[in-house]
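Below is one structure, written out as structure tokens; comments come after it.
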Amino acid sequence: MLTSLHIKNFKAWKDTGSIRLAPLTVIFGANSAGKSSLGHLLLALKQTTLSADRKRPLHLGDENALIDLGTFAECLHNHDVKKALEFELGWKIPGKDMEVRDPLRQGKFTGDELRISVKLSADAKEQPRVDKLKFQLMRDNENQLAVDYTRDDKGKLDIGSNEYKFVRNTGRSWPLDEPDKFYRISDQSRARFQNAEFLSDFALNTEAALNSVYYLGPLREHPKRIYSWSGETPESVGQKGEFAVAAILAASAQERKLNRGPKMRLTRFDAFIAHWLKDLGVIESFAVEPVAEGRKEYEVVVKTHTAASAVKITDVGFGVSQVLPALVQAFYCPPNSTIWMEQPEIHLHPQVQAELADVFISATQARENGKERHVQLIVESHSEHFLNRLQRRVAEGVVAPEDVAVYFCRRAGSATELEPLRLNMFGEIDNWPENFFGDEMADIAGRTLAAMQRKKELAKDTGQQ
């Protein structure tokens, strides 16, 4: 699970400040305020780890990538290539603690969280170059071991640590190499030391953390009358939800069973999704059925209410097909995943938007085959109904305040500011921002004044007659 994010000089963000990422993190704000950019940077980091090109510090994207951010200059705040793109990302290490041992000494360092800090500057060709790479092994928010890989004013790279003494191998002292991508000390650089091999574990852990990030965009695919599935297991539902039905079939074929939280009944994946759709009030029943026995074609059949005839998903309201990918992804992703969703409430009735908060709370608490899933959701939303339900559940004790983080994005000139909202145990927001969901009081006052004026005019006209 990601625990923190801090970004400087990226797109609309001059400086986000330190962002605490909870199991359920919700980001509100006006259109074009920069909310999506936060997730886009994570996607760029993920596609960099997946790239076969080790010499490219940051894969900004192309037509086949997860995200295409354009040129490095276009990524920088105000397109100022004299400024460096900086980010810090922290995450909990899944499973047991990470342990670092010094083979030359008795020293041992352990931690349950890893942080990476990177500074990327533009080189002479305005391509990104790593000027700083720092790893920190943490426990209880306290540093246990920090390693800095930095470039000096003459372009020379050096490695250092206050807690760990790197010992060079005997022989000629060769200069250190450029990092592989933005996060990996090269094999050649590590080989220059007798006790630097643990740095490869830091790199592998970074890859695992970023490869566990999944993204669902705001525009989902239209429903189809027929879906093809030949038995493959998709990694996710896709950025447009195009693999949602295949994911349901794959999870059901693997006999995956989930429950909504501790001490609740385990249910097969397809039935689990169908129950949630019914509880959301979207439809009465939902099933994925083969067109004919032995065929690889399937159809999604739904009933809108008990007495209705079963019809294909294409013949009901658009909302069903739009909420389905969000619902499936929340429970389909592997344990310890982070899911970034944009506007999951789109095309949904306000009541369903509220119910969606219950779905996402459950996704962070659900268990699969008796084991906790530790899934994290980061949601961009415009829905007041979603927030109201989330506040209610905090007040009811369904979810703890520390397991929720709420932020508000606002424009501040050419930059964007991110304000953390303080949510207390009663579900109250202590620092409610001005115009959070628009100027509601101005609309009420304006409507009241207009109504009074109209009544006066009607009374005057009636008196004249």
Side-chain angles (χ1 to χ4, degrees), residues 31 35-36 39-40 43 61 63-68 214-252 269-270 272-292 295-305 308-333 339-353 355-356 359-360 363 377 379-383 385-386:
N31 292 328
K35 301 185 302 297
S36 300
H40 292 171
L43 286 181
E63 63 275 7
N64 299 317
L66 298 172
I67 191 76
D68 188 355
Y214 300 94
Y215 171 76
L216 180 63
L219 301 176
R220 268 78 84 183
E221 274 202 344
H222 286 247
K224 299 178 181 179
R225 290 194 171 274
I226 301 294
Y227 291 87
S228 296
W229 183 66
S230 57
E232 72 278 4
T233 301
E235 181 186 33
S236 72
V237 301
Q239 294 195 35
K240 295 184 177 180
E242 61 270 29
F243 305 124
V245 173
I248 294 173
L249 290 166
S252 300
F269 191 88
D270 53 350
F272 184 86
I273 296 298
H275 290 163
W276 262 123
L277 286 169
K278 183 177 180 178
D279 289 352
L280 284 169
V282 177
I283 52 172
E284 174 64 26
S285 68
F286 170 93
V288 182
E289 301 174 350
V291 173
R295 295 273 297 275
K296 296 180 180 180
E297 289 81 29
Y298 295 81
E299 56 187 4
V300 178
V301 180
V302 301
K303 281 188 177 183
T304 54
H305 55 86
S309 300
V311 297
K312 292 185 178 182
I313 193 172
T314 50
D315 299 326
V316 296
F318 199 54
V320 181
S321 62
Q322 296 302 285
V323 74
L324 181 64
L327 187 56
V328 174
Q329 184 63 79
F331 297 99
Y332 177 78
C333 64
I339 307 166
W340 194 292
M341 290 190 188
E342 289 190 50
Q343 299 180 50
E345 76 276 4
I346 200 167
H347 297 297
L348 297 181
H349 184 275
Q351 179 61 33
V352 184
Q353 295 179 24
E355 301 287 350
L356 203 56
V359 173
F360 292 163
L377 286 103
V379 179
E380 296 176 42
S381 178
H382 295 288
S383 176
H385 311 284
F386 182 98

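As the structure is a computational prediction, the values presented were derived from the model and not from experiment. Quick note: residue numbers are just sequence positions, from 1.
For the pair E355 and V282, the minimum side-chain heavy-atom distance is 4.5 Å or more. The shortest distance between side-chain heavy atoms of I248 and Y332 does not fall below 4.5 Å. Side-chain contact between V328 and V245: absent, with no pair of heavy atoms (C-beta onward) separated by less than 4.5 Å. Annotation: side chain of E235 is not in contact with side chain of F243 (no heavy-atom distance under 4.5 Å). Residues V288 and D270 are not in side-chain contact: their nearest non-hydrogen atoms beyond the backbone lie 4.5 Å or more apart. P344 places none of its side-chain heavy atoms less than 4.5 Å from the side chain of F386.
Distance check, rounded to the nearest 0.5 Å: CG of L327 to CG of L356 gives 8.0 Å. Atoms CG and CZ, from D315 and R225 in turn, are 4.0 Å apart once rounded to the nearest 0.5 Å. Between the NE2 atom of H382 and the CD atom of Q343 there is a distance of 4.0 Å, given to the nearest 0.5 Å. One distance of note links CG of L324 with CZ of F286; it measures 4.5 Å at 0.5 Å rounding. Atom CD of E380 is separated from atom CE of M341 by 11.5 Å, given to the nearest 0.5 angstrom. With rounding to the nearest 0.5 Å, the separation of CD1 in I339 from CG in L216 is 9.0 Å.
At a threshold of 4.0 Å, the pair E297-R295 counts as salt-bridged, since one of the basic side-chain nitrogens sits closer than that to a carboxylate oxygen.
Side-chain atoms of Q351 never come within 3.5 Å of backbone atoms of H349 as a donor-acceptor pair (strictly under, hydrogens ignored).
Shown here for A246 and E232, the closest heavy-atom pair between the two residues is CB-OE2, 4.4 Å. In plain terms, the two heavy atoms of G61 and D68 that are nearest each other are O-OD1, 3.5 Å. Considering all non-hydrogen atoms of both residues, I346 and P218 come closest at CG2-O, 3.7 Å. When all heavy atoms of P325 and G241 are compared, the pair lying nearest together is CB-CA, 3.6 Å. Scanning all heavy atoms of the two residues, the minimum distance from P234 to A250 falls at CD-CB, 4.1 Å. The two atoms that bring Q353 and L348 nearest to each other are NE2-O, 2.9 Å, heavy atoms only.
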key: Audit row: K296, S228, side chain to side chain contact (heavy atoms under 4.5 Å, CB included) steps and yes/no   = CA-CA 6 Å; K296 296 180 180 180; S228 296; 5.7 Å; no

request  = Before giving the answer on side chain to side chain contact (heavy atoms under 4.5 Å, CB included), spell out for V301 and V311 the whole-Å C-alpha distance, their side-chain angles and the decisive distance to 0.1 Å.
outcome  = CA-CA 5 Å; V301 180; V311 297; over 6 Å; no

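Around the NZ atom of K312, the shell of radius 6.0 Å holds more than 12 heavy atoms that belong to other residues, nucleotides or ligands.
For the side-chain hydrogen bond (donor to acceptor under 3.5 Å, both in side chains) criterion with Y215, the lone passing option out of Q239, E342, Q329 is E342.
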